[in-house]
Amino acid sequence: MRIVVLVSGTGSNLQAVIDAVASGELENVEIAAVGADKHGTYGVERSAAAGIETFVVNFKDYADRGDWNHALTEKCLSYAPDYVVSSGFMRIVGEEFINAFDGTYINTHPALLPSFPGAHGVRDALAYGVKVTGCTVHIADAGVDTGPILRQEAVAIEDTDTEESLHERIKVVERRLLIATLADLAQGN
Ligand code: GRF
């Protein structure tokens with residue numbers, strides 16, 4: 001199973017996938033490429049260090065969102081992936097991308113969707129005062145963190161939690177769920 005992984009930041013969840021592929025925990029999965037929407041991400045840097053092909057389709061280089069979306073779609077298609085994984089990719093992709101990867105664009109989100117979608121899922125859950133949040137792996141459609149849910153797991157919020165401490169605990173679970181989901185998909189499940 002060939003995957004392209006998209007990142008915008010540090011890529012610690014991506015690193016867990018790289019490690020799982022390297023150790024053989026994730027069998028039959030090949031990371032064809034890792035791409036970012038901006039220059040200078042640690043996610044791309046660590047992928048290059050691991051010998052993985054990388055690319056940047058820099059959002060700021062394009063006149064409008066449609067042009068950027070077209071370039072990203074073409075670039076991802078060029079790797080002929082079975083799945084594209086958004087792992088901390090902080091841009092909403094457009095219809096052209098979603099149509100090109102219909103049902104094969106996977107996203108992870110640090111909250112129990114449909115609660116707390118958007119860029120601040122951890123902060124919003126804390127601010128609301130919920131006692132339980134978690135993470136979600138889902139097939140992404142054209143909405144913001146919407147689409148069929150593949151896996152979810154709850155994470156309890158402690159009274160002493162900050163956004164950072166809670167997000168770190170969620171990411172530990174998120175990595176496990178992402179790897180389990182990819183293993184399922186690689187087995188045709
Ligand atoms: C993850 O929690 C992801 O769901 C969110 O951003 C985080 C990415 O972290 N959108 P990292 O770049 O993998 O460290």
Side-chain angles (χ1 to χ4, degrees), residues 3-23 25-26 29 31 33-50 52 54-59 72 83-93 97-98 101 105-128 130 132-158 161-182 185:
I3 61 172
V4 167
V5 182
L6 300 178
V7 295
S8 295
T10 59
S12 64
N13 290 356
L14 160 68
Q15 184 67 56
V17 176
I18 293 173
D19 292 345
V21 170
S23 73
E25 183 191 350
L26 259 186
V29 175
I31 305 173
V34 170
D37 59 329
K38 58 185 174 192
H39 294 292
T41 62
Y42 188 46
V44 160
E45 198 184 306
R46 63 164 103 221
S47 304
I52 297 167
T54 64
F55 65 88
V56 175
V57 182
N58 189 17
F59 187 77
L72 181 70
Y83 290 92
V84 178
V85 179
S86 158
S87 184
F89 189 58
M90 303 305 282
R91 298 253 178 220
I92 304 300
V93 293
F97 186 97
I98 293 295
F101 299 103
Y105 183 40
I106 309 296
N107 183 43
T108 70
H109 183 74
L112 290 176
L113 294 173
S115 293
F116 310 116
H120 304 292
V122 179
R123 187 185 306 173
D124 294 345
L126 262 183
Y128 195 95
V130 292
V132 174
T133 184
C135 55
T136 304
V137 180
H138 67 105
I139 297 172
D141 63 17
V144 177
D145 297 320
T146 57
I149 290 169
L150 299 175
R151 278 179 184 255
Q152 273 186 319
E153 198 169 309
V155 174
I157 297 181
E158 311 292 342
D161 263 329
T162 61
E163 183 178 352
E164 290 69 30
S165 67
L166 178 57
H167 201 168
E168 275 314 309
R169 269 204 329 287
I170 290 173
K171 287 213 283 188
V172 171
V173 178
E174 207 176 358
R175 290 172 194 135
R176 181 162 45 74
L177 288 198
L178 177 57
I179 290 166
T181 303
L182 292 174
L185 295 172

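Bear in mind the structure is a predicted one, so any value in this text is a computation, not a measurement. One-based numbering, in listed order, for ligands and for the atoms of each. For this chain, numbers begin at 1 and follow the sequence in order.
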Pro117 to Asp124 - nearest heavy-atom pair and separation: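 Where Pro117 meets Asp124 most closely, the heavy atoms are O-OD2, 4.2 Å.
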Minimum heavy-atom distance Val7-Phe89, with the two atoms named: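 Distance-wise, the nearest heavy atoms are O-CD1, 3.5 Å.
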With respect to [X], which candidate in [options] satisfies the side-chain contact (heavy atoms from CB on, under 4.5 Å) definition?
X      : options                     : result
Ile149 : Thr136, Leu112, Ile139      : Thr136
Ile157 : Val132, Ile170, Val130      : Val130
Leu6   : Leu14, Val34, Asn107, Leu72 : Leu72
Lys171 : Asn13, Leu166, Thr108       : Asn13
Ile31  : Ile3, Val4, Leu26           : Ile3

Starting from [atom], which protein heavy atom do you reach first, and at what distance in Å?
atom                    : result
atom 9 (O) of ligand 1  : Lys171 NZ, 3.1 Å
atom 4 (O) of ligand 1  : Glu174 OE2, 2.4 Å
atom 14 (O) of ligand 1 : Ser12 OG, 2.5 Å
atom 13 (O) of ligand 1 : Asn13 N, 2.8 Å

Numbered atoms of ligand 1 (with element) below 4.0 Å of [X], judged on heavy atoms:
X      : value
Gly11  : 11 (P), 12 (O), 13 (O), 14 (O)
Gly88  : 6 (O), 8 (C), 10 (N)
Met90  : 10 (N)
Thr108 : 4 (O)

Report yes or no: does a heavy atom of Val7 sit under 4.0 Å from some atom of ligand 1?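 No.
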Just go through Arg175, His109, His167 and tell me whose heavy atom is the nearest to atom 2 (O) of ligand 1.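 Closest candidate by heavy-atom distance is His167.
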